[in-house]
Amino acid sequence: MEKNKLRNEDKVKMLNAMNNSYVSLFKIVGVDMDEAYVIYEDVFTKKRYKIIDIAMSGSVIIDKKRPIYYYNRIITIDGISYGTGIHCIMTGDNKELINFIKKHDYKKSPDFYRCLMLYDISKKEKNMEVSYNNRYGYR
């Protein structure tokens with residue numbers, strides 16, 4: 001991009017969006033199945049994001065006693081935000097996750113560290129299962 005090799009406006013827009021993307025641990029705090037969006041709240045900054053997600057908006061139930069956490073990257077293009085689908089999903093029942101949130105120093109830890117730690121925690125999650133839409137699978 002710095003050498004202006006890309007001339008296609010859509011590709012440049014997508015690469016800029018990816019470069020400006022945001023990654024964090026989010027708590028799912030709202031869902032609108034009719035409009036196909038989910039509201040994420042960043043666990044560390046408390047900032048909220050409205051994410052277009054057809055599958056999740058139709059399957060997630062908000063339960064304040066048992067919140068759902070999602071480590072994800074948000075990409076925004078033309079004012080519309082999407083999650084990239086990293087699939088690190090956990091519940092509030094996960095003691096290792098809750099301990100991580102309580103002890104984690106957000107300002108001193110890089111995103112890569114958080115990604116590795118939360119990926120590992122999510123793989124041990126026994127209360128959640130991610131199902132994939134592989135109708136358009138690779139061959």
Side-chain angles (χ1 to χ4, degrees):
M1 286 179 54
E2 291 173 2
K3 295 179 181 180
N4 295 317
K5 288 186 175 186
L6 294 173
R7 296 205 182 351
N8 181 301
E9 185 180 326
D10 289 334
K11 288 180 182 178
V12 170
K13 189 187 303 185
M14 176 57 103
L15 287 174
N16 279 323
M18 291 171 71
N19 191 42
N20 295 320
S21 65
Y22 181 74
V23 64
S24 192
L25 176 64
F26 302 98
K27 181 163 73 170
I28 299 172
V29 297
V31 176
D32 186 327
M33 188 167 64
D34 295 330
E35 298 295 321
Y37 69 81
V38 179
I39 302 293
Y40 289 175
E41 181 180 85
D42 187 311
V43 170
F44 304 109
T45 67
K46 303 301 181 206
K47 185 174 177 186
R48 290 189 174 196
Y49 300 87
K50 182 178 178 179
I51 307 299
I52 299 299
D53 192 323
I54 295 167
M56 187 177 287
S57 68
S59 62
V60 168
I61 298 170
I62 303 297
D63 181 351
K64 292 185 183 200
K65 294 179 184 174
R66 191 170 181 250
I68 296 173
Y69 294 88
Y70 202 37
Y71 182 78
N72 209 350
R73 178 176 299 279
I74 298 172
I75 295 176
T76 303
I77 300 174
D78 295 332
I80 301 169
S81 297
Y82 306 90
T84 62
I86 298 172
H87 298 299
C88 292
I89 191 163
M90 298 150 278
T91 65
D93 297 341
N94 187 318
K95 290 180 177 142
E96 191 175 359
L97 171 67
I98 299 308
N99 190 41
F100 176 84
I101 293 170
K102 286 179 184 176
K103 293 183 177 183
H104 182 64
D105 187 343
Y106 176 75
K107 292 183 179 182
K108 291 184 179 179
S109 297
D111 290 333
F112 186 64
Y113 168 79
R114 258 189 305 282
C115 180
L116 291 175
M117 295 301 294
L118 292 166
Y119 178 79
D120 187 51
I121 292 169
S122 75
K123 292 303 159 200
K124 298 175 196 172
E125 177 73 50
K126 305 221 183 306
N127 297 317
M128 295 296 292
E129 182 178 320
V130 175
S131 45
Y132 301 90
N133 176 2
N134 57 4
R135 188 173 80 183
Y136 304 103
Y138 298 103
R139 295 188 186 258

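Side-chain atoms are counted along with the backbone in the values below, which use heavy atoms only and exclude waters and symmetry mates. Each residue takes its place number in the sequence, starting with 1.
- For Lys13 and Asp78, the salt-bridge test passes: some basic side-chain N is under 4.0 Å from an acidic carboxylate O.
- Between atom CD1 of residue Ile61 and atom CZ of residue Arg66 there is a gap of 10.5 Å, rounded to the nearest 0.5 Å.
- Within 6.0 Å of the CD1 atom in Ile54, the count of heavy atoms belonging to other residues, nucleotides or ligands does not exceed 12.
- Note that the CD1 atom of Ile74 and the CG atom of Asn20 stand 13.0 Å from one another [nearest 0.5 Å].
- For Leu118 against Met90, the heavy-atom pair with the smallest separation is O-SD, 4.0 Å.
- The shortest side-chain heavy-atom distance between Asp42 and Tyr22 falls under the 4.5 Å cut-off.
- Rounding to the nearest 0.5 Å gives a distance of 11.5 Å between CG of Asn94 and CZ of Phe100.
- Screening Lys46, Lys47, Arg48 for a side chain to side chain donor-acceptor pair (under 3.5 Å) involving Glu41 leaves a single residue, Arg48.
- Asn16 places a side-chain N or O within donor-acceptor distance of the main-chain N or O of Val12, the cut-off being under 3.5 Å.
- For the residue pair Ser81 and Thr76, the shortest heavy atom distance occurs at OG-OG1, 2.6 Å.
- Within the 3.5 Å criterion, the main-chain N or O of Ser109 finds a donor-acceptor partner in the side chain of Arg114.
- Contact between Ser59 and Ala55 at its shortest, heavy atoms only, is OG-O, 3.0 Å.
- Counting only heavy atoms from C-beta outward, the side chains of Tyr113 and Lys108 never approach each other to under 4.5 Å.
- Rounding to the nearest 0.5 Å places CD1 of Ile98 at 13.0 Å from NZ of Lys103.
- Of the inter-residue distances, the one linking Asp32 atom CG with Asp53 atom CG reads 12.5 Å to the nearest 0.5 angstrom.
- Nearest heavy-atom pair across Thr91 and Tyr69 is C-CD1, 4.1 Å.
- Taking 4.5 Å as the limit, some side-chain heavy atom of Leu25 sits within range of a side-chain heavy atom of Ile101.
- A distance of 10.0 Å separates CG of Asp93 from CD1 of Ile68, quoted to the nearest 0.5 Å.
- Residues Ile28 and Met56 have side chains in contact (heavy-atom distance under 4.5 Å, counting atoms from C-beta outward).
- A donor-acceptor contact shorter than 3.5 Å links the side chain of Asn72 to the backbone of Thr84.
- Clustering ILVMFWY residues whenever any of their side-chain heavy atoms sit less than 4.5 angstrom apart, transitively, puts Met117 in the very cluster that holds Tyr71.
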